Amino acid sequence: MDKHLQSNNTGFLTLESGEVFAGKLYGAPLTSYGEVVFHTGMTGYQEVVSDPSFYGQIVTFTYPLIGNYGVNEIDYESTQPAISGMVVSQLCQNPSHFRSRISLDAAAKQFGFPILAGVDTRSITQKVRQGGLLYGVLADQPMTAEEIALHKLRQEERIFVEHVSRTRSITYRGEGEHIVVIDLGMKHSILQALLKLGCKVTVVPYQTRMEEIRALQPDGIVFSNGPGNPEQLRKYCRQWRKLAEAFPTLGICLGHQILSLMFGGQTERLPFGHRGSNHPVKELSTGKVYMTSQNHSYVVKEEGLDKQNLMVTYRNVNDGSVEGLRHIYLPIMSVQFHPEAHPGPDDTSHIIATFLESVQTIGAKHYA
Ligand SMILES: NC(=O)CC[C@H](N)C(=O)O
């Protein structure tokens with residue numbers, strides 16, 4: 001018997017395509033439902049479970065052993081549970097790391113999400129790769145197609161950003177430039193990256209009005225990462241465009257996708273998403289390839305992109321999809337990947353520094 005499996009509770013992941021995967025249930029004894037996605041990182045599970053971009057998703061890890069270095073107090077990306085549920089092959093119950101405080105099982109109990117362990121995660125991944133958007137339910141019994149269809153319908157009606165964006169503004173003191181982050185489900189490490197560069201940072205709820213943001217006298221604006229379909233935010237894009245045109249702006253992941261919407265473009269679903277720590281992207285101006293941390297289902301659609309104003313700066317090496325945009329005349333830039341990394345390589349951390357340089361130099365000159 002697998003020494004990692006000590007739970008007596010059998011659990012099931014039922015996919016909308018009809019397959020049922022049986023395993024052992026750990027973490028919080030809750031039924032979870034959502035889009036089933038796969039993450040290929042060998043590490044980073046603590047950041048993934050707490051990254052608000054994963055809100056409403058059941059995340060399957062392709063790396064076979066998860067939980068082996070435990071969970072610590074400092075690597076959380078938010079204080080709320082983000083994922084809906086987790087599926088792993090082997091769940092390690094005896095973690096070993098000098099920073100570890102509790103096991104992943106204990107953290108899942110505290111955070112409030114279930115873990116299904118002991119299942120063939122490669123087979124689930126193959127199904128997701130073949131099936132595109134695939135909903136599932138993780139529960140203590142298999143579900144019927146009708147039950148899943150009902151959950152799916154409810155899920156599709158929800159605007160996920162509403163559940164993860166802060167409800168009140170908060171300012172973090174720094175001596176440097178004042179950056180206002182539009183919180184679409186901001187990862188804590190984006191805040192950390194800005195604070196590390198000396199910025200004063202104000203994080204505002206995503207529905208904050210333009211006048212309120214102007215009153216904060218920002219030097220620059222960041223549109224954060226976040227969950228769900230970017231098209232759900234289209235109605236805010238007119239006012240966000242005004243904001244982006246008024247201040248040096250950086251968009252990260254969901255923030256990048258909405259930048260294309262602001263300029264009349266569209267987004268589309270990738271066949272099965274990019275989630276992992278080793279997605280290669282090419283910087284078109286230099287031909288340099290960077291390894292990046294990624295986590296997205298949607299992508300900026302090439303067709304319909306406002307090429308009068310925006311140019312593509314990065315492309316995914318595997319599928320050629322758009323990974324970065326820059327405004328031709330204004331200091332506005334965005335990336336589909338995560339320059340703040342965490343988890344994953346920090347090869348592209350210079351992007352946040354470059355944004356800050358534009359805030360300090362081009363921004364001041366441009367708007368003088
Ligand atoms: N990490 C993110 O910001 C994700 C963006 C968007 N929700 C997507 O899945 O494509």
Side-chain angles (χ1 to χ4, degrees), residues 34-41 44-45 47-60 77-78 80 82-84 128 132-135 155-156 158-166 181-191 193 203 206 222-234 236-237 240 249-262 265-277 279 281 292-302 314 316 318-319 321-325 333-344 348 351-352:
E35 179 189 358
V36 179
V37 300
F38 64 90
H39 193 280
T40 57
Y45 53 83
E47 294 88 331
V48 167
V49 302
S50 55
D51 173 351
S53 304
F54 286 95
Y55 185 86
Q57 294 177 336
I58 297 175
V59 186
T60 300
E77 284 294 349
S78 71
Q80 306 280 328
I83 62 169
S84 181
V128 174
L133 176 57
L134 204 53
Y135 274 81
Q155 189 90 316
E156 281 174 343
R158 298 170 69 204
I159 297 177
F160 288 165
V161 169
E162 226 167 69
H163 299 269
V164 294
S165 178
R166 274 162 189 70
V181 182
I182 313 298
D183 181 15
L184 306 171
M186 183 192 68
K187 283 173 69 187
H188 189 65
S189 49
I190 293 182
L191 172 67
V203 185
Y206 79 107
V222 172
F223 287 91
S224 82
N225 64 296
N229 182 347
E231 289 287 347
Q232 289 181 317
L233 302 171
R234 197 178 267 285
Y236 300 102
C237 286
W240 283 342
T249 293
L250 171 67
I252 297 177
C253 211
L254 181 60
H256 153 81
Q257 296 164 351
I258 59 172
L259 179 66
S260 86
L261 301 187
M262 286 180 214
Q266 288 173 347
T267 53
E268 61 188 338
R269 272 192 72 87
L270 284 164
F272 44 79
H274 298 159
R275 289 183 180 80
S277 303
H279 284 265
V281 300
T292 65
S293 173
Q294 300 203 7
N295 155 30
H296 59 111
S297 294
Y298 297 88
V299 72
V300 166
K301 205 170 165 177
E302 190 101 34
Y314 291 89
N316 189 295
N318 295 333
D319 62 12
S321 58
V322 176
E323 292 273 1
L325 291 172
M333 60 178 105
S334 67
V335 283
Q336 181 64 78
F337 49 90
H338 289 272
E340 80 287 358
H342 207 258
T348 54
I351 285 170
I352 298 179

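Since the model is a prediction, treat every value here as computed from it, not as a measurement. First listed ligand is number 1; within each ligand, the first listed atom is number 1.
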Using a strict cut-off of 4.0 Å, indicate which atoms of ligand 1 neighbour a heavy atom of [X].
| X | value |
| --- | --- |
| S53 | 1 (N), 2 (C), 3 (O) |
| H338 | 1 (N) |
| L254 | 2 (C), 3 (O), 5 (C) |
| N225 | 3 (O) |

Problem - Side chain Q257, main chain E231, donor-acceptor under 3.5 Å - result: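 Flag not set: sc Q257 to bb E231 has no pair under 3.5 Å.
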
Practice task
Measure the spacing between NE2 of H188 and OG of S50 and express it to the nearest 0.5 Å.
Solution key: 10.0 Å

Quick one: look up the protein heavy atom nearest [atom] and list residue, atom name and how far away it is.
| atom | result |
| --- | --- |
| atom 2 (C) of ligand 1 | C253 SG, 2.9 Å |
| atom 9 (O) of ligand 1 | S297 N, 2.9 Å |
| atom 4 (C) of ligand 1 | G226 O, 3.2 Å |

Problem - Residue pair D319 / H274, side-chain donor-acceptor N/O under 3.5 Å - result: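 Looking only at side-chain atoms, H274 and D319 do form a donor-acceptor pair, the distance falling under 3.5 Å.
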
Practice task
For residues M186 and R166, determine if any side-chain heavy atom of one lies less than 4.5 Å from a side-chain heavy atom of the other.
Solution key: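 The answer is yes, as the side chains (C-beta and beyond) meet within the 4.5 Å cut-off.
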
Handout entry: Heavy-atom side-chain proximity of Q336 to C253 below 4.5 angstrom
Key =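 Q336 reaches C253 side chain to side chain.
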
Exercise for the section: Please report the C-alpha distance between H163 and Q80 in whole Å, then the side-chain angles of each, then the deciding distance to 0.1 Å, and finally whether the side chain to side chain contact (heavy atoms under 4.5 Å, CB included) criterion is met. Expected result: CA-CA 10 Å; H163 299 269; Q80 306 280 328; over 6 Å; no

Exercise for the section: Would you confirm whether the ring centroid of F337 sits within less than 6.0 angstrom of the ring centroid of H279? Expected result: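 Aromatic pair excluded; centres sit 6.0 Å or further apart.
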
Exercise for the section: Mark the output for Q257 as yes if a heavy-atom distance to ligand 1 is under 4.0 Å, and as no if none is. Expected result: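 Q257: in contact with ligand 1 (<4.0 Å).
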
Handout entry: Close N or O approach (N295, ligand 1; < 3.5 Å)
Key = yes

Handout entry: Distance-only N or O hit between ligand 1 and R275, under 3.5 Å
Key = no

Problem - Among Y236, F223, F160, the one residue meeting ring-ring contact (aromatic ring centres under 6.0 Å, His included) with Y206 - result: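 Per the ring-ring contact (aromatic ring centres under 6.0 Å, His included) rule, the option paired with Y206 is Y236, out of Y236, F223, F160.
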
Completion exercise
Of G228, P52, P227, the one whose closest heavy atom lies nearest atom 6 (C) of ligand 1 is G228

